[in-house]
Enquirer: 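Submitted below is the structure of interest, expressed as structure tokens.
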Amino acid sequence: MVSRITIILFQVFLSLNLHPAKAQAWIKAGYWNSGSGLPVSDINSTLYTHLICAFADLNSSSYHLSIPSSNDRFFSAFTNTVKQKNPSITTLLSIGGGLAKYSTLSAMAGNSTYRKSFIDDSIKTARHYGFQGLDFSWVSANTSDNMDNMGTLFEEWRAAIAMETRNSSLSELILTATVQYSPRLDSGSFPIDSIRRNLNWIHVLAFDYYMPTWANFTAASAALITG
Ligand SMILES: *[C@@H]1O[C@H](CO)[C@@H](O)[C@H](O)[C@H]1NC(C)=O
Ligand SMILES: *[C@@H]1O[C@H](CO)[C@@H](O)[C@H](O)[C@H]1NC(C)=O
Ligand SMILES: *[C@@H]1O[C@H](CO)[C@@H](O)[C@H](O)[C@H]1NC(C)=O
Ligand SMILES: *[C@@H]1O[C@H](CO)[C@@H](O)[C@H](O)[C@H]1NC(C)=O
Ligand SMILES: *[C@@H]1O[C@H](CO)[C@@H](O)[C@H](O)[C@H]1NC(C)=O
Ligand SMILES: *[C@@H]1O[C@H](CO)[C@@H](O)[C@H](O)[C@H]1NC(C)=O
């Protein structure tokens, strides 16, 4: 169970291979989920360096981002609201999440035309809502094709972000992803090289280790995480 706001501490691997933009010693990132019912203004944003607004979905025919109209006003106000308590906080928009449709994400990642629609629209949407970065949360990726396509997506996404930065006076968008706790799944493994080259950091899912639905005993449901 993930509670209303998830606090995740990450160490950025300074001066190693990750994309160097905006590198800093520690990232203290939290996700705010629009389904949580927690007012954004209640977040004590002084506790974080980065806050992630979740989730934008994908339109299954245009592969553009889709933000339900009921969330629009929260997403539009998110950055300004959390900056009131902590003006130096950085905000990201997360795309996908546990409820996003596998078939849509899989189709998008597997087709260069759809990837381009998705990437271009994600950058536009981030700017439109005032986010300083994007987070890709494809938690259902489960084949080696999915993983390879994700690697290609990150490559193209970073190139588009860099291009947008060159063409504008804005600072480069951060790009992160949510990944499982293991680099290897039953089939395929995460595109580690592409992740290193193209993402600023990753968010490792470290909860739901034990759930009543698949374990007959009690144990810590999470590692590395409080909530
Ligand atoms: C927010 O967090 C800061 C830093 O820990 C703390 O000093 C402050 O009291 C907190 N504010 C509220 C309203 O909880
Ligand atoms: C998805 O995009 C199509 C084509 O742009 C549009 O007609 C449709 O209304 C969108 N669906 C949703 C749920 O936004
Ligand atoms: C990608 O989608 C387009 C439009 O539907 C289609 O024409 C093209 O063949 C697809 N490409 C691949 C590699 O599936
Ligand atoms: C991958 O996940 C999707 C959605 O949960 C499921 O429909 C599909 O069967 C899975 N594929 C494999 C190879 O496990
Ligand atoms: C950036 O500018 C180049 C050349 O000036 C242009 O070809 C390209 O389409 C522009 N890209 C974006 C994302 O605006
Ligand atoms: C839990 O225990 C029951 C009864 O021994 C057993 O039938 C079931 O398969 C177990 N479930 C799991 C997920 O181990």
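Each ligand, and each atom within it, is numbered from 1 in the order the structure gives.
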Enquirer: Any atoms of ligand 1 less than 4.0 Å from a non-hydrogen atom of T46? List them with their elements.
Expert: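 Reading through ligand 1 atom by atom, the close ones are 1 (C), 2 (O), 3 (C), 4 (C).
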Enquirer: To the nearest 0.1 Å, how far is atom 14 (O) of ligand 2 from its closest protein heavy atom, and which atom is that?
Expert: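 Protein heavy atom at minimum distance: N59 ND2, 3.5 Å.
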Enquirer: To the nearest 0.1 Å, how far is atom 1 (C) of ligand 1 from its closest protein heavy atom, and which atom is that?
Expert: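 Checking every protein heavy atom, the shortest distance to atom 1 (C) of ligand 1 gives N44 ND2, 1.5 Å.
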Enquirer: Please report whether the ring centroid of H50 lies less than 6.0 Å from that of W26.
Expert: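 They do not qualify: ring centres at least 6.0 Å apart.
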Enquirer: If I take atom CE from residue M147 and atom CH2 from residue W138, how far apart are they, to the nearest 0.5 angstrom?
Expert: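 Here the rounded value is 7.5 Å.
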Enquirer: Given E156 and K116, is the salt bridge (Lys or Arg N to Asp or Glu O under 4.0 Å) satisfied, shown in steps?
Expert: CA-CA 8 Å; E156 295 172 357; K116 182 164 171 31; over 6 Å; no
Enquirer: Centroid-to-centroid, Y210 to F217, below 6.0 Å?
Expert: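 Yes: the rings meet the under 6.0 Å criterion.
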Enquirer: Report the nearest protein non-hydrogen atom to atom 5 (O) of ligand 2: residue, atom name, distance rounded to 0.1 Å.
Expert: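 It is S62 CB, 3.9 Å.
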Enquirer: Should we say atom CG of L99 is surrounded by more than 12 heavy atoms from elsewhere, each under 6.0 Å from it?
Expert: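 Open: at most 12 neighbouring heavy atoms sit under 6.0 Å from CG of L99.
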Enquirer: Which residue and non-hydrogen atom of the protein lie closest to atom 3 (C) of ligand 3, and at what distance in Å?
Expert: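 Protein heavy atom at minimum distance: N111 ND2, 3.6 Å.
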Enquirer: Looking at K101, I want to see if its NZ is surrounded by more than 12 non-hydrogen atoms of other residues, nucleotides or ligands under 6.0 Å.
Expert: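 12 or below, so no.
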Enquirer: Indicate yes or no: does an N/O atom of Y114 lie under 3.5 Å from an N/O atom of ligand 3?
Expert: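 N/O-N/O distance under 3.5 Å: yes.
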Enquirer: Pull out every atom of ligand 1 sitting under 4.0 Å from any heavy atom of L47, numbered as shown with elements.
Expert: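 Once the distances to L47 are compared, the set is 2 (O), 4 (C), 5 (O).
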Enquirer: Is there at least one protein heavy-atom neighbour under 4.0 Å from atom 9 (O) of ligand 3?
Expert: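 False for atom 9 (O) of ligand 3.
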Enquirer: Identify the protein heavy atom lying closest to atom 4 (C) of ligand 2, giving its residue, its atom name and the separation to 0.1 Å.
Expert: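 Ranked first by proximity to atom 4 (C) of ligand 2 is S61 OG, 4.0 Å.
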Enquirer: Assign the ring pair F136 / F154 to parallel, tilted or perpendicular, where the plane angle (0 to 90°) is split at 30° and 60°.
Expert: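 Answer is perpendicular, since the angle exceeds 60°.
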